[in-house]
Peer 1: 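First the structure, which I've put down as C-alpha cells, then a few questions once you've had a look.
Everything numeric in this text was worked out from a predicted model, so none of it was measured.
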Amino acid sequence: MKIHSVSIKNYRSLKDVDIIFDSVTTLIGPNGTGKSTVLRALDWFFNGGKGCELSNKDCSFGTIDENIEVRVTFSDLTEKDRDALEKYAPDEATTFTAWKIHYTDGTEVLSANLKSYPPFAKIRSKNSAADKKAEYNQLRLDDPTLGLPTWSNQEAALDAMTAWEARNTDKLIESPANLQTNFFGFNSNGKMSGLFDFVLVTADLRASEEAQDAKASIIGRILERSIDRTAADEEIKKIVEESREAQQKVCDEKFGAQLDSITTQLNRVVSSYSTGRSIQVVPAEVELKAPKTTFNVSVLDGVTETAVDGQGHGFQRTLLISALQVLAESAAVETEGVFCLAIEEPELFQHPTQAQAFARVLRTLADDPNKRVQVVYATHSPYFIEARHFDQIRRLTRSTDEKPIVTIHRSTVDNVKKCLMGIQDPESIDRQLDALTVGQLSSALFASRALVVEGTTESAVFYGLGDRYAPAKLESAGVAVVPANGKSSIPLTHAILKSLGIPCYAVFDADSGFEARALANGKNPSKISEERASHVTANKKLLKYFNMSEDDFPAQTIESSVAIFGDHLEAFLDSEWPEWTTSCAAIERSAGISLKKNQLAYRTATIKAEGTVPEMLEQIMRKLEEM
C-alpha cells in the first residue's frame with residue numbers, strides 16, 4: 001500500500017488542501033507556503049502519540065472553533081494489507097482511507113470507514129460493555145426479526161452482529177469507526193508497522209542522536225532488524241552468572257572465619273541483654289546483572305576515530321540519510337511493506353555533487369518495485385527536480401490575503417499533451433521530455449514568473465537588460481529566463497511551466513532573414529530548402545500554440561503572451577541598437593578571442609552598451625513585470 005492522496009484541513013498554514021502523491025513527490029514553493037507543514041501533518045497522522053498532541057496554536061490563523069483533520073487515502077493494497085486491515089478493507093477493496101481529527105475540545109481520534117448495519121454501528125460506538133449491552137438488548141426488543149441471540153458477553157454479541165452483517169451485505173452502509181490508537185506508528189510498533197511505515201527527517205534532526213544504539217533511533221532500528229543478539233546475550237548471561245557464583249565463593253572463603261568471629265562476639269554481648277534471639281553476619285548475596293549488548297557508531301576519518309558529532313554537518317546529514325536508506329531497504333525485504341521516507345530539505349549541508357547523488361539514489365529506490373519505497377521531499381534545490389518527472393512536482397503558492405490561502409499546483413503528462421494537441425505528436429513529447437535542458441527548466445520551476453526563450457544567448461541578453469536597472473534585478477524579482485534549447489521546444493517548456501501555475505511569457509525568432517544569410521555563406525540550395533521548411537513548420541506550430549494566425553514567417557510583434565522578432569535577436573540588435581554590437585566588439589578586443597554566442601559576453605555587452613534600449617525590449621520587460 002502506498003499513499004495515494006492526502007487532505008489537510010485547518011492545520012497551521014494549510015486551511016484546506018488536497019495533494020495527490022506519487023512514488024516520488026516533490027514539494028516546492030517559496031518559504032512559508034506550507035511544504036514542511038505537509039510533512040509534519042503526515043508525521044502527526046502516522047506517528048503522533050503521547051507528547052505529540054496538537055493544540056490551538058496549530059489551528060490555521062487562530063481558527064480554534066474548527067477541528068484539525070488529516071485524511072490519507074492508500075492505494076495498491078496487497079492481500080497482506082487487506083488481511084491486516086480486516087473489516088476496513090474487504091476482499092474487493094483497492095483503496096483504504098483513514099483520517100485523524102484533533103477536536104476543538106483537545107481530544108484526538110483516528111478513524112476509518114467500514115461497512116456496517118447502522119443500528120449495530122450505534123451499539124459498537126458505546127464506550128462501556130454495560131452501555132453496549134443495554135443498546136443491544138433494546139435493539140433485540142425493537143426488531144426481533146434480526147434474530148440476535150441473548151447477550152452472554154460482549155465478544156459473543158459483537159461476533160453475532162458481524163455474522164449477521166456477513167449474511168446481509170445489501171443492508172450495510174459506509175460508517176466511520178475509531179481505529180486503535182497505535183494503528184499506525186513507526187516509533188510505536190503499531191498494527192500497520194511493517195506494512196506501511198512513515199519516517200520524517202526534519203531539517204533539525206540530529207545525526208548524533210540517531211546514530212546511538214537506542215530503541216527509537218534509526219541506527220537502533222537497523223541493528224534490531226539486522227543483528228540477532230539472542231545467542232550472545234545468553235552466553236553473556238552465563239558468564240555473568242558464573243562470575244557471580246565465583247565472587248560469592250571468594251567471599252565465603254575469605255570472609256567466613258572473620259565473620260564467624262564477629263558473629264560469636266556480638267551474640268555473647270546480645271545474649272546478656274536479650275534471650276531467645278541471636279545475630280548472624282554472612283557475606284551479602286552478590287548481585288550481577290548481564291548488561292544488554294550495545295554497539296557504538298563512530299567515524300574513521302583516515303586513521304583517526306571520531307564521534308559522529310565531531311564531524312561536519314554535511315557528513316552527519318550523509319550518515320543520517322544513508323542509515324535511512326539501509327533501514328528502508330531492510331524493512332521492505334523483511335515485511336514486504338512500504339517504507340515512506342519524507343525529507344525536509346534533503347540538500348541541507350550537501351555539496352552539489354553529493355546532493356545530486358542523494359537525489360539519484362532515492363529516485364532509484366522509489367522506482368524499483370522490489371524496494372517498496374515511497375519518497376516525498378520538501379526542497380528548494382533543483383538537484384532534486386527532474387524535468388522529465390514534472391508530473392511528480394507539487395508546487396505550493398500562497399495568496400496575499402489577510403488569511404492566506406495555499407494552492408497546490410500539479411500537472412500531468414496527459415494534460416501537457418492536451419495543451420499541445422495538433423501542435424506536437426504525443427509520442428515525440430515523451431522523447432522530448434528526456435532531452436529537456438534539465439538544469440534550466442528545473443531551476444525555472446522555483447520561479448514566480450518565467451520568460452521562455454530559444455537559447456542561452458537570448459537569456460543572457462534579457463538578464464543583462466535587468467542588470468541595467470539593478471544587479472540581478474530579474475533574479476531578485478523571482479523571474480527566470482528559460483532557454484528551451486531551440487524554437488521547437490518552446491511550446492513544451494511553456495506548457496509545463498504554465499500547467500504548474502507559473503505565469504509565462506515567450507519570445508522567439510521568426511528567422512525571416514535565414515535565406516539571405518544562407519546564400520551569403522554559400523549553402524547548397526537543397527539545404528536551404530530543408531532549412532526553410534524547418535523554420536516554417538516551427539513558426540506555424542508556435543503561432544498555433546499561442547492562438548495566432550499562422551504564417552510562414554510572421555512579422556515582428558508584441559502580444560499578450562508572446563513576442564516575435566521578425567528575423568533573429570542579433571539582427572534586431574544590430575539594426576535597432578548598434579551600440580550593443582559596438583559593446584560586443586569592445587569585449588572581443590579586450591579578451592582577444594571571438595565571443596560569438598558567449599553568454600557572459602552577451603550579458604556584459606547588454607549591461608555596458610550605450611544608447612537607448614529598443615522599445616520592443618522595454619515592452620517585453622514590462623510584460624514580465626505585469627504578469
Peer 1: Tell me, please, which residues at least two apart from F315 pass ring-ring contact (aromatic ring centres under 6.0 Å, His included).
Peer 2: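 None.
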
Peer 1: Taking all atoms of both residues into account, what is the closest heavy-atom pair of F546 and A506, and its distance?
Peer 2: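 Minimum heavy-atom separation between F546 and A506: CZ-CB, 3.5 Å.
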
Peer 1: Who pairs with Y505 by ring-ring contact (aromatic ring centres under 6.0 Å, His included), at least two apart in sequence or on another chain?
Peer 2: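 Testing Y505 for ring-ring contact (aromatic ring centres under 6.0 Å, His included), a comparison that skips the adjacent residues, returns none.
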
Peer 1: Output yes when a side-chain donor or acceptor of N10 lies under 3.5 Å from a complementary backbone atom of D16, and no otherwise.
Peer 2: no

Peer 1: So, the side chain of E165 versus the backbone of Y117: is there a donor-acceptor pair under 3.5 Å, distance only?
Peer 2: yes

Peer 1: Which distance, rounded to the nearest 0.5 Å, do you find between the OH of Y11 and the CG of N67?
Peer 2: 15.0 Å

Peer 1: Would you compute the distance between atom CG of D22 and atom CD1 of I3 and round it to the nearest 0.5 angstrom?
Peer 2: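 Reported to 0.5 Å precision, the distance equals 11.5 Å.
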
Peer 1: Do you know the tightest heavy-atom contact between A484 and S489?
Peer 2: O-CB, 3.0 Å

Peer 1: So, are R71 and E69 salt-bridged, with charged N and O less than 4.0 Å apart?
Peer 2: yes

Peer 1: Please say whether more than 12 non-hydrogen atoms of neighbouring residues, nucleotides or ligands are located less than 6.0 Å from CD in E427.
Peer 2: no

Peer 1: Looking at residues at least two apart in the chain, or sitting in another chain, which of them share a ring-ring contact (aromatic ring centres under 6.0 Å, His included) with Y103?
Peer 2: none

Peer 1: For the residue pair E386 and S442, confirm or rule out a side-chain donor-acceptor distance under 3.5 Å.
Peer 2: no

Peer 1: Decide if atom NZ of K132 counts as having more than 12 heavy atoms of other residues, nucleotides or ligands within a radius under 6.0 Å.
Peer 2: yes

Peer 1: Is there a donor-acceptor pair closer than 3.5 Å between any side-chain N or O of K15 and the backbone N or O of K403?
Peer 2: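 No.
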
Peer 1: Does the distance from a Lys or Arg side-chain N to an Asp or Glu carboxylate O, for D81 and K2, drop under 4.0 Å?
Peer 2: no

Peer 1: Can you classify the ring geometry of F74 versus F45 as parallel (below 30°), tilted (30 to 60°) or perpendicular (above 60°)?
Peer 2: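 F74 and F45: tilted rings.
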
Peer 1: Taking only residues at least two apart or on different chains, which pairs with a member in residues 489-502 satisfy salt bridge (charged side-chain N to carboxylate O under 4.0 Å, His left out)?
Peer 2: none

Peer 1: Salt bridge or not between K9 and E66? Use side-chain N to carboxylate O under 4.0 Å.
Peer 2: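 Judged by the 4.0 Å cut-off on N to carboxylate O distance, K9 and E66 do not form a salt bridge.
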
Peer 1: Can you check whether A342's main-chain N or O pairs, donor with acceptor, with Y377's side chain at less than 3.5 Å?
Peer 2: no

Peer 1: Look up atom CD in E345 and atom CG in L39, then write down how far apart they are to the nearest 0.5 Å.
Peer 2: 10.5 Å

Peer 1: Salt-bridge test for R622 and E625: reply yes if a basic N is under 4.0 Å from a carboxylate O, no otherwise.
Peer 2: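 A salt bridge is absent here (no side-chain N lies under 4.0 Å from a carboxylate O).
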
Peer 1: Taking the six-membered ring for Trp, are H4 and F21 ring centroids under 6.0 Å apart?
Peer 2: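 No, ring centres 6.0 Å or more apart.
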
Peer 1: About how many Å separate OG of S13 and CG of L396, when rounded to the nearest 0.5 Å?
Peer 2: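 The OG atom of S13 is 8.5 Å from CG of L396, to the nearest 0.5 Å.
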
Peer 1: Within the distance-only criterion (no hydrogens, no angle test), does the side chain of N47 pair as donor or acceptor with the backbone N or O of F198 below 3.5 angstrom?
Peer 2: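 Yes: the side chain of N47 pairs with the backbone of F198.
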
Peer 1: For R395, check side-chain hydrogen bond (donor to acceptor under 3.5 Å, both in side chains) against everything at least two apart and list the hits.
Peer 2: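 With sequence neighbours excluded, R395 shows a side-chain hydrogen bond (donor to acceptor under 3.5 Å, both in side chains) to no residue whatsoever.
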
Peer 1: Rounded at 0.5 Å granularity, tell me how far OG in S36 sits from CG in D43.
Peer 2: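 Answer for the OG-CG pair, S36 versus D43, is 12.0 Å.
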
Peer 1: Got a sec: does the CG of N127 have more than 12 other heavy atoms crowding it under 6.0 Å?
Peer 2: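 Check fails, neighbour count at 12 or below.
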
Peer 1: Could you walk me through whether D367 and T364 pass the side-chain hydrogen bond (donor to acceptor under 3.5 Å, both in side chains) test, one step at a time?
Peer 2: CA-CA 5 Å; D367 286 346; T364 302; over 6 Å; no

Peer 1: When you measure from the side chain of S499 to the backbone of S411, do you find a donor-acceptor pair of N or O atoms at a distance under 3.5 Å?
Peer 2: no

Peer 1: Supply the atom-to-atom distance R372 CZ to L195 CG, rounded to the nearest 0.5 angstrom.
Peer 2: 11.0 Å

Peer 1: With sequence neighbours excluded, give me every salt bridge (charged side-chain N to carboxylate O under 4.0 Å, His left out) pair touching residues 412-422.
Peer 2: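 Qualifying pairs, neighbours excluded: K417-D430.
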
Peer 1: Kindly indicate, with the supporting measurements, whether the criterion side-chain contact (heavy atoms from CB on, under 4.5 Å) is fulfilled by K100 and V109.
Peer 2: CA-CA 6 Å; K100 192 171 186 179; V109 174; over 6 Å; no

Peer 1: Would you check if there is a donor-acceptor pair between the side chains of Q392 and R410 at a distance under 3.5 Å?
Peer 2: no

Peer 1: Do any N or O atoms from the side chain of R394 and from the backbone of T25 form a donor-acceptor pair under 3.5 angstrom?
Peer 2: no

Peer 1: Would you say H380 has more than 12 foreign heavy atoms packed within less than 6.0 Å of its NE2?
Peer 2: yes

Peer 1: Determine the minimum heavy-atom distance between I502 and A444, stating which atoms define it.
Peer 2: CD1-O, 3.7 Å

